[in-house]
Amino acid sequence: MKQGADRDDERAGTAPWAERVNAESLVRAARAQGVTDARVLEALRTVRRSSFVPKETLNQVGCDCAIPIGQAQTTSQPSLIGLMIEALGLGAEDVVLEIGTGYGYQAALLAKLARYVFSVERIPELAEIARHNLKAEGVLNAEVVTGDGTLGLPSSAPFDGIVVAAAFLRVPDPLAAQLAPGGRLVMPVGNGGGDLVKVFESRDNDLVELRVLCGARFVPLLGANGFEVR
Ligand code: SAH
């Protein structure tokens, strides 16, 4: 019988059997929240969440809950991420923009569904960790850019889908402008604490609200077209 650190790692969730058990529990949670898209469920099954959280939180990776990642930020609840990326309705040829990379978990999921993922993170330390995590997991079609995501990423626009992982009172204008015709944008709208996750679509050069996906609590979107950075 293994002892000490090895055994702890297995319990914590990094042994292959523990990865499978954890992944299945996240898939079940996502189904229970209403996720039905088989590609999204398969992405939740195959992306190892344990590679996208701080080591000291490994014992929480099987839990469908947010996990602190330092810098006063969290990695979101997997079932909520599942719902949000399902609502993007991505095709395999799509190019997608994520705002708020964190440790890179959602970027890794998006990379399974789309052709290419650009992800913008404002905190350089988190961006660096996410780059490392994505590389370590062999994700080749996702790129982390350090910067203010409320400006979008004009040099790589337009995007077939945009997902924002932090809340603001409205969709920043540059994001609406960088969405391709027919593209979807999913974002928590609110003051960062009690938010409504909304789904928008670009139609005739206008951003149309399609529906409210769910309520949730997100960290605030900070930047030139978001909350003021203090
Ligand atoms: N997508 C992550 C969740 C990250 S939490 C996941 O997979 O779990 C939200 C992130 O948004 C934080 O890392 C925060 O630093 C970042 N953020 C907040 N405002 C931002 C902005 N204007 N541009 C880019 N990132 C921002």
Side-chain angles (χ1 to χ4, degrees), residues 26 29-30 40 43-44 47-54 57 60-61 63-88 96-114 117-134 137 139 142-154 156 159 161-176 178 185-193 195 197 216-230:
L26 298 182
V40 173
L44 283 167
V47 171
R48 285 191 284 209
R49 195 184 189 206
S50 60
S51 300
F52 297 95
V53 298
T57 65
Q60 297 173 49
V61 288
C63 165
D64 183 38
C65 49
I67 296 177
I69 54 172
Q71 312 274 348
Q73 307 300 325
T74 57
T75 176
S76 313
Q77 188 181 4
S79 63
L80 175 58
I81 295 181
L83 269 181
M84 289 173 73
I85 63 181
E86 178 177 66
L88 288 173
V96 58
L97 174 68
E98 176 193 34
I99 307 301
T101 320
Y103 261 45
Y105 179 60
Q106 177 168 262
L109 293 169
L110 289 167
K112 296 260 182 205
L113 305 171
V117 182
F118 291 94
S119 184
V120 183
E121 170 58 54
R122 63 177 288 275
I123 301 177
E125 292 83 355
L126 290 179
E128 199 43 49
I129 292 171
R131 274 183 208 112
H132 167 89
N133 292 343
L134 290 163
E137 285 303 292
V139 180
E143 183 174 324
V144 179
V145 178
T146 306
D148 178 2
T150 70
L151 303 171
L153 199 58
S156 303
F159 303 100
I162 299 179
V163 60
V164 185
F168 187 54
L169 306 171
R170 58 187 168 276
V171 176
D173 287 342
L175 297 185
Q178 291 170 32
L185 182 150
V186 180
M187 170 175 166
V189 178
N191 55 13
D195 313 303
V197 180
R217 281 186 57 183
F218 273 84
V219 297
L221 182 71
L222 304 176
N225 299 290
F227 292 107
E228 203 179 325
V229 185
R230 276 186 267 179

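Each residue takes its place number in the sequence, starting with 1. Each ligand, and each atom within it, is numbered from 1 in the order the structure gives. Note that the structure is a prediction, hence the values are computed from the model and not measured.
Here is the list of ligand 1 atoms found below 4.0 Å of a heavy atom in Thr150: 22 (N). The ligand atoms of ligand 1 that sit less than 4.0 angstrom from a heavy atom of Val219 are 9 (C). Close approach to Leu221 involves these atoms of ligand 1, each under 4.0 Å from a residue heavy atom: 19 (N), 20 (C), 21 (C), 22 (N). Close approach of ligand 1 to Gly147 (heavy-atom distance below 4.0 Å) involves ligand atoms 23 (N), 24 (C). For ligand 1, the atoms lying closer than 4.0 Å to a non-hydrogen atom of Gln106 are 1 (N), 7 (O). For ligand 1, the atoms closer than 4.0 angstrom to any heavy atom of Val120 are 24 (C), 25 (N). Every atom of ligand 1 with a heavy atom of Leu126 under 4.0 Å away is listed here by number and element: 13 (O). Remark: ligand 1 atoms within the under-4.0 Å shell around heavy atoms of Gly149 are 21 (C), 22 (N), 23 (N), 24 (C).
Distance from atom 17 (N) of ligand 1 to its nearest protein heavy atom, with residue and atom name: Arg122 CG, 3.9 Å. In this structure, the protein non-hydrogen atom closest to atom 16 (C) of ligand 1 is Glu121 OE1, 3.5 Å. For atom 9 (C) of ligand 1, the closest non-hydrogen atom of the protein is Ala165 O, 3.4 Å. Of all protein heavy atoms, the one lying nearest to atom 6 (C) of ligand 1 is Thr75 OG1, 3.6 Å. Residue, atom and distance of the protein heavy atom nearest to atom 21 (C) of ligand 1 are Leu222 O, 3.4 Å. Residue, atom and distance of the protein heavy atom nearest to atom 12 (C) of ligand 1 are Gln73 OE1, 3.3 Å.
With distances taken over non-hydrogen atoms, the option nearest atom 1 (N) of ligand 1 out of Gly192, Gly102, Gly100 is Gly100. Remark: among candidates Thr74, Ile67, Leu109, the nearest residue to atom 4 (C) of ligand 1 is Thr74, based on non-hydrogen atoms.
Distances shorter than 4.0 angstrom occur between a heavy atom of Pro220 and an atom of ligand 1. Residue contacts with ligand 1 include Ser76, since one of its heavy atoms falls under 4.0 Å from the ligand. By the 4.0 Å heavy-atom criterion, Glu98 is counted among the residues contacting ligand 1.
With hydrogens and angles disregarded, no donor-acceptor distance shorter than 3.5 Å links the side chain of Asp195 to the backbone of Ala167. Remark: the backbone N or O of Leu153 is paired with a side-chain donor or acceptor of Gln178 at under 3.5 angstrom.
Across all their heavy atoms, Val139 and Ala142 have their closest contact at CG1-CB, 3.8 Å. Heavy-atom minimum distance, Val40 versus Glu86: CG2-CA, 4.0 Å.
There is a side-chain donor-acceptor pair under 3.5 Å between Thr146 and Arg131.
Between Val96 and Phe159 the shortest side-chain heavy-atom distance does not fall below 4.5 Å. Counting heavy atoms from C-beta on, the side chains of Ile99 and Pro172 never come closer than 4.5 Å. Residues Asn225 and Asp173 are not in side-chain contact: their nearest non-hydrogen atoms beyond the backbone lie 4.5 Å or more apart. The shortest distance between side-chain heavy atoms of Phe52 and Ile69 does not fall below 4.5 Å. Between Phe218 and Val197 the shortest side-chain heavy-atom distance falls below 4.5 Å. Two residues are said to be in side-chain contact when any heavy atoms from C-beta on lie closer than 4.5 Å; Leu97 and Leu175 meet this criterion.
The N/O atoms of Ile69, backbone and side chain alike, include none that comes under 3.5 Å of an N/O atom in ligand 1.
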In residues 101-114, what donor-acceptor pairs under 3.5 Å come from side-chain atoms, sequence neighbours left out?
{"residue": "Thr101", "atom": "OG1", "partner": "Ser119", "partner atom": "OG", "Å": "2.7"}
{"residue": "Gln106", "atom": "NE2", "partner": "Glu98", "partner atom": "OE2", "Å": "2.7"}

